Enquirer: 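The following block contains the structure, expressed as structure tokens.
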Amino acid sequence: MDIPVREFDLELTQESGQTSQPPWKRVDGAFRELLIIGGVPCPVEVRAGDEVLRVNPYSDVPRKPLKKKIEYIFDLKFEIEDLYSFLEDKGLSDTIQSSRGLRLFLAKDPFECIISSIASANCSIKRWTRAVDDIKRGWGDCHLFRGERFYTFPSPATLAGVEEESLEDLQRREDKLPDDFRFTDLRSCGVGYRAPYIRETSRILSEELDISKIHRMDYQDAREVLLELPGVGPKVADCILLYGFRKTEAFPVDVWVRRIMNHLYPDRNFSAREIAEFAAREYGEMAGYVQLYLFNHARRSGLLEKLRG
DNA sequence: ACCCAGGAGTTTG
DNA sequence: CAAACTCATGGG
């Protein structure tokens, strides 16, 4: 199946390090992941073509919901030219050069995005992506496709029932582990002190708070609800809102965005909170994309290295 | 050995 | 309210 696309760089979007999920499995220039289409697990391969995105499902699923899912995940319906002209109006046209075709990489599963974002706090990108993979391998459902293993992300109820740590696994971590080894506790996945946060958040999402309700809330209400979850602070909440629920008003402020903004406005010396307020006022519903483009441009132009320390 | 990682929670000023 | 301190743990 081909989906016509304009202004979409699949590779850039995959590798841009958005916290919704680890990048998909790269195979020969294409990207593979297990998606749930109408309740049915389906390995899918996407490949960039000429003005099209080639989509190959590897099990029998209906076309229309598959197409909608792909369009949602890569935000293909978004009129990105509107963003380009918006950025020009705001004096940020530099960011377009290095990020053209970059779109939101939205979560295929909002719960995965929530846990993934909690795991990302004060943690290197390498480490939290590996942690999410370990969690999937430990408690997700495995689907074999031509010898490749794909895992679903476990449900809130499943993760809520997982031990935080067991002596057994802490010892086995020292040994060389086979690819399909399944840990029996969260700590062994490398989430460290965040293990109780992940467990309690999973419990709340399985017993008290229906994730689908968050979709219907506006940005502010959803943010307040998310901030009640353990392990979710202002930055993580905005990541979840942006990548998990496509609330594009969200402008996640991490240390890098703060450095970038203070570099852009040297006379201001923003605090994290002030940046969020500034972004809400200046960027409105474009805020999430502005953050994405700012960060990517800083990374590609070498500005990030300059701002280190 | 030492320091940091795309912060959050808790305690203190 | 804001600043300071602590929190696991893999990787430079």
Side-chain angles (χ1 to χ4, degrees), chain A residues 13 15-23 99 102 104-105 107 113-135 163-167 169-177 183 185-201 204 223-244 250-263 269-277 279 287-309:
Chain A
T13 299
E15 305 298 331
S16 55
Q18 303 180 44
T19 59
S20 59
Q21 57 193 316
S99 304
L102 175 60
L104 285 176
F105 186 25
C113 175
I114 292 172
I115 300 305
S116 167
S117 301
I118 291 175
S120 76
N122 193 26
C123 194
S124 65
I125 292 183
K126 260 188 187 169
R127 213 181 119 196
W128 71 252
T129 53
R130 193 180 64 78
V132 173
D133 278 334
D134 283 355
I135 289 172
E163 273 188 278
E164 280 169 27
E165 75 180 293
S166 76
L167 288 175
D169 274 356
L170 287 176
Q171 286 167 352
R172 293 170 82 167
R173 194 165 181 73
E174 301 298 323
D175 306 328
K176 270 185 267 176
L177 303 173
F183 294 116
D185 72 295
L186 272 175
R187 278 288 178 93
S188 300
C189 299
V191 297
Y193 61 89
R194 306 165 195 81
Y197 301 159
I198 291 174
R199 206 161 105 98
E200 176 63 5
T201 289
I204 293 172
R223 193 169 194 272
E224 285 179 24
V225 168
L226 289 173
L227 284 172
E228 296 294 313
L229 299 172
V232 178
K235 187 265 180 180
V236 167
D238 278 327
C239 280
I240 295 171
L241 288 161
L242 182 57
Y243 301 121
F251 188 89
V253 181
D254 56 44
V255 289
W256 294 110
V257 170
R258 187 175 165 189
R259 287 170 189 168
I260 293 166
M261 291 296 279
N262 279 318
H263 178 258
N269 196 21
F270 285 118
S271 70
R273 183 186 203 92
E274 289 167 335
I275 291 174
E277 289 164 2
Y289 264 103
V290 173
Q291 191 264 14
L292 190 58
Y293 272 57
L294 276 176
F295 183 75
N296 189 255
H297 176 253
R299 202 169 53 162
R300 287 214 156 180
S301 65
L303 177 60
L304 237 46
E305 281 303 315
K306 238 180 74 179
L307 296 179
R308 180 185 298 278

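What's counted below: heavy atoms across the whole structure, side chains too, no hydrogens, waters or symmetry copies. In the text below, chain A, chain B and the rest are named by the order of the sequence lines, each starting its count at 1. Just so we're clear, the structure is a prediction, and the values are computed from it rather than from any experiment.
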Enquirer: Is a donor from one side chain sitting under 3.5 angstrom from an acceptor on the other, for A:Q18 and A:S20?
Expert: no
Enquirer: Taking any heavy-atom pair under 4.0 Å as a contact, classify A:S117: base, sugar-phosphate, or nothing.
Expert: nothing
Enquirer: Quick check for you: among B:dG6, B:dG9, C:dA8, whose closest atom lies nearest to any side-chain atom of A:Y197?
Expert: B:dG9
Enquirer: What verdict does the side chain to side chain contact (heavy atoms under 4.5 Å, CB included) test give for A:R258 and A:I275, after you've listed the backbone C-alpha separation in whole Å, the side-chain angles of each residue and the deciding distance to 0.1 Å?
Expert: CA-CA 7 Å; A:R258 187 175 165 189; A:I275 291 174; 3.6 Å; yes
Enquirer: Distance check needed: B:dG6 P versus A:R300 CZ, whole Å only.
Expert: 18 Å
Enquirer: Between B:dG6 and C:dA4, how far is it from one P atom to the other, in whole Å?
Expert: 23 Å
Enquirer: Given that A:K126 and A:N122 both sit by DNA chain C, which one's nearest nucleotide is further toward the 5' end?
Expert: A:N122
Enquirer: Can you measure A:R127 atom CZ to B:dC3 atom C1' for me and round it to whole angstrom units?
Expert: 14 Å
Enquirer: Do you know which two heavy atoms are closest between A:Q291 and A:D254, and how far apart they sit?
Expert: NE2-OD2, 4.3 Å
Enquirer: Under 3.5 Å, is there any donor-acceptor pair linking the side chain of A:Y193 to the base of B:dG7?
Expert: yes
Enquirer: Which heavy atom of A:L227 sits nearest a heavy atom of A:P234, and at what distance?
Expert: CD2-N, 3.7 Å
Enquirer: Looking only at non-hydrogen atoms, find the nearest pair between A:K235 and A:T19 and report the distance.
Expert: NZ-CG2, 4.5 Å
Enquirer: Which nucleotide sits closest to the side chain of A:R308: B:dA8, B:dA5, B:dG6?
Expert: B:dA5
Enquirer: The side chain of A:A121 is closest to which nucleotide in this list: B:dA8, B:dG6, C:dT9?
Expert: B:dA8
Enquirer: Mind checking A:P252 for me? I need base, sugar-phosphate or nothing, with any heavy atom below 4.0 Å counting as a touch.
Expert: nothing
Enquirer: Please work out if A:G190 contacts a base, only the sugar-phosphate, or nothing of the nucleic acid, heavy-atom cut-off 4.0 Å.
Expert: nothing
Enquirer: Applying a 4.0 Å non-hydrogen cut-off, can you work out what A:R194 is touching in the nucleic acid: base, sugar-phosphate, or nothing?
Expert: base
Enquirer: Atom CZ of A:F295 to atom C1' of B:dA5: distance rounded to whole Å?
Expert: 12 Å
Enquirer: B:dC4 P sits how many Å from A:E305 CD, rounded?
Expert: 15 Å
Enquirer: Quick one: which of C:dA8, B:dA8, B:dG9 gets closest to the side chain of A:P234?
Expert: B:dA8
Enquirer: Quickly work out the A:R130 CZ to C:dA8 P distance and round it to whole Å.
Expert: 17 Å
Enquirer: Tell me: CD of A:E277 to C1' of C:dC1, nearest whole Å?
Expert: 13 Å
Enquirer: Scan A:V257 against the nucleic acid and name what it touches under 4.0 Å (heavy atoms): base, sugar-phosphate only, or nothing.
Expert: nothing
Enquirer: In whole Å, what is the span from the CD atom of A:Q21 to the C1' atom of B:dG6?
Expert: 17 Å
Enquirer: For A:T19 and A:L227, take the nucleotide of DNA chain B holding the closest heavy atom to each; which residue's nucleotide lies nearer the 5' end?
Expert: A:T19
Enquirer: Quick check: do A:L294 and A:V257 have side-chain heavy atoms less than 4.5 Å from each other?
Expert: no
Enquirer: Which part of the nucleic acid, if any, lies within contact of A:V236, taking any heavy atom under 4.0 Å across all strands shown: a base, the sugar-phosphate backbone alone, or nothing?
Expert: sugar-phosphate
Enquirer: Rounded to whole angstroms, how far apart are CZ on A:R273 and P on C:dA2?
Expert: 7 Å
Enquirer: Looking at every strand, decide which applies to A:E164 at a 4.0 Å heavy-atom threshold: base, sugar-phosphate, or nothing.
Expert: nothing
